[in-house]
2 protein chains.
Amino acid sequence: MARQKNEQIRTAIMEAAQQLFMEKGYIATTISSIARAAGTSQSNVYVYFSSKFEIAFAVFDPWLRARVAELEKRVMAQETPEESLRSLIDGLLHGIAADRSGQTLTLVQALATAKPGDEYNPELLIWTMSRIHHMIGGALPSSDPTERNALTHSLMLAFDGIALRQNLRRGEIEDGLSVDALYMMVQALVERRSQARS
Amino acid sequence: MARQKNEQIRTAIMEAAQQLFMEKGYIATTISSIARAAGTSQSNVYVYFSSKFEIAFAVFDPWLRARVAELEKRVMAQETPEESLRSLIDGLLHGIAADRSGQTLTLVQALATAKPGDEYNPELLIWTMSRIHHMIGGALPSSDPTERNALTHSLMLAFDGIALRQNLRRGEIEDGLSVDALYMMVQALVERRSQARS
DNA sequence: ACTCTTTAACGAACGTCATTCGTTAATGCG
DNA sequence: CGCATTAACGAATGACGTTCGTTAAAGAGT
């Protein structure tokens, strides 16, 4: 009944955006540079996406899901609870939140500059939390729900903290120290539990 | 030797900026609205501040120092280590990071949109960390330096996490749960220590 | 009191962006 | 073979931070 959208253009826009966001961050990347790199005009970008914000999430969503899925595989392959927790914390904070490719910089900048109309699907956040919760359950099968929830929330909080810091307070605090500190506290929680049972 | 700056104008700019940042956040506040509210012209604002970013920090710095000083008084007035730690965590996260007045929104937005030339004095961050470290030392006088540093870093990480979330992911995660979770982990660390000593 | 110099103050630009508009022409449908 | 739809595009539009050009206030030197 009418002319069809060309899906190749949509993916070209997303790939160009991902590349440019990685290189220059969300704010410094202009719609016209994305359009140029994707081989189309800036106004045509708005045929495929309703805003710059929407492009950022279209790029970030599959990226995060892939990283979390990778992480889950790695965590589940560990043999001891300690190794599982260590690889979970390390992978989540060093590997994803503090990633070098600039994806979380994009996320943080996009959220910080979001305009009233810009909203994103909270499903991604919920899914991420549920995966973390599941990994904790795998590492500590006998933990009680309260502890599992506490750990999940603490990890999500740390994720946000690292994401903010990595991108906005570059290098002022050693992230390694924060990760070690968090791990020490998780260990304390685990040890208290095993002491209480013995 | 030349005409002098009028300090009343400087403070009027800062007060107008603080008010507007609180109402609308950093990004939605324009220099011209600040100038209008301060009773001067937008170009004259640049006689007193070199950028919008600098205004944000001129406002945020004394605000944060005052909040931390208040917190320190409250924490030091507690009687037991448990009460001290609880009031520290609660005051830092609920009271300051998640503040309702929009000051941390200003901070996060200013940092997220900072341009290459925009830099801020890391002294404020260092000072804040040293105050937290000192409060932890007051609550747990017999703790060892490693634990004290771990707690300090964890609290700063949580501060950043809450700041990001409060402002950018409004209401999607209950912050109360995160604060409780963090407190549970701190308790575990403290209890492990006292168990180890007995 | 009278210059001279510095610079606060201001209105008018400037440059950069995200987004929208007006128009054209592909493309599927009856 | 028209007709309606809409992808595509170049040219606006509207905001906003920042800079420019000019004016005049006000301290220093004589």
Side-chain angles (χ1 to χ4, degrees), chain A residues 1-14 16-18 20-21 23-59 105-107 109-120, chain B residues 1-14 16-17 20-21 23-59 105-106 109-120:
Chain A
M1 195 160 168
R3 199 173 167 184
Q4 277 184 352
K5 285 183 199 176
N6 182 349
E7 282 307 310
Q8 289 178 4
I9 293 187
R10 172 173 252 270
T11 61
I13 291 170
M14 282 178 58
Q18 177 153 34
L20 287 163
F21 288 157
E23 284 169 16
K24 310 154 76 85
Y26 175 78
I27 291 177
T29 297
T30 67
I31 293 285
S32 90
S33 72
I34 293 172
R36 202 178 317 124
T40 186
S41 67
Q42 48 180 330
S43 44
N44 200 36
V45 169
Y46 285 87
V47 171
Y48 294 89
F49 298 93
S50 70
S51 67
K52 188 181 177 185
F53 185 83
E54 195 181 292
I55 298 173
F57 264 85
V59 168
L105 173 61
T106 296
L107 175 73
Q109 288 188 337
L111 288 171
T113 59
K115 288 189 293 293
D118 292 333
E119 273 159 35
Y120 73 98
Chain B
M1 196 163 166
R3 198 171 166 185
Q4 276 186 350
K5 285 183 198 176
N6 181 348
E7 282 306 310
Q8 289 178 3
I9 292 187
R10 171 174 251 269
T11 61
I13 291 170
M14 283 180 57
L20 287 163
F21 289 157
E23 284 169 17
K24 312 154 76 86
Y26 175 78
I27 293 178
T29 297
T30 67
I31 293 285
S32 90
S33 71
I34 293 172
R36 204 177 317 125
T40 186
S41 67
Q42 49 181 329
S43 45
N44 200 36
V45 169
Y46 285 87
V47 171
Y48 294 90
F49 298 93
S50 70
S51 66
K52 189 182 177 185
F53 184 84
E54 195 180 294
I55 298 172
F57 265 85
V59 168
L105 173 61
T106 296
Q109 288 188 336
L111 288 172
T113 59
K115 290 188 291 292
D118 291 334
E119 274 160 35
Y120 73 98

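Residue numbers start from 1 in every chain, and the chains themselves are labelled A, B, ... in the order their sequence lines are given, proteins ahead of strands. Please read these numbers as outputs of a predicted model, since none were measured by experiment.
- The side chain of Y46(A) sits closest to dA18(C) out of dG10(D), dA18(C), dT18(D).
- The interatomic distance linking N44(A) (CG) with dA7(D) (P) rounds to 8 Å, in whole Å.
- When atom types are taken as modelled, the side chain of Q42(B) and the backbone of I31(B) share no donor-acceptor pair closer than 3.5 angstrom.
- Listed pair Y48(A) / dA8(D) meets the phosphate criterion, a side-chain N or O lying under 4.0 Å from OP1 or OP2.
- Within 3.5 Å, a donor on the side chain of R3(A) pairs with an acceptor on the base of dA7(D), or the reverse.
- In this structure, K115(B) places its NZ atom 9 Å from P of dT19(D), rounding to the nearest Å.
- In this structure, CD1 of I13(A) is placed 15 Å from C1' of dA18(C), rounded to the nearest angstrom.
- Contacts between residues 49-59 of chain B and DNA chain D, defined by a heavy-atom separation under 4.0 Å, are made by S51(B), K52(B).
- Backbone-only engagement by T29(A) is indicated by non-hydrogen atom pairs under 4.0 Å involving sugar-phosphate atoms exclusively.
- In this structure, the CD1 atom of I34(B) is 13 Å from the C1' atom of dT18(D), given to the nearest Å.
- The side chain of I31(B) approaches dT18(D) more closely than any other nucleotide in the set dA7(D), dT19(C), dT18(D).
- Between E119(A) and F53(A) the shortest side-chain heavy-atom distance does not fall below 4.5 Å.
- Q42(A) has its CD atom 11 Å from the P atom of dC9(D), to the nearest Å.
- Remark: P of dA8(C) and CD of Q8(B) are 16 Å apart, rounded to the nearest angstrom.
- A donor-acceptor contact under 3.5 Å links the side chain of S43(A) to the base of dG10(D).
- Of the two residues contacting DNA chain D, namely A28(B) and Q4(B), the nearest-nucleotide position lying further toward the 5' end is that of A28(B).
- Relative to the ring axis of Y26(B), K52(B) places its NZ or CZ within 45° and under 6.0 Å from the centre.
- Listed for the E54(A) side chain is no donor-acceptor partner under 3.5 Å among the backbone atoms of F49(A).
- Note that CD of Q18(A) and OG1 of T29(A) are 11.5 Å apart. Values are rounded to the nearest 0.5 Å.
- If you run side-chain contact (heavy atoms from CB on, under 4.5 Å) between Y48(B) and each of N6(B), T40(B), I55(B), only N6(B) comes through.
- Protein atom CZ of R36(B) is 14 Å distant from nucleotide atom P of dC10(C), rounded to whole Å.
- Rounding to whole angstrom units, CD1 of residue I9(B) and C1' of dT7(C) are separated by 13 Å.
- Residues A16(A) and I34(A) come closest through the heavy atom pair CB-O, 3.8 Å.
- At dC9(D), one or more side-chain N or O atoms of T40(A) fall inside 4.0 Å of OP1 or OP2 (strictly under the cut-off).
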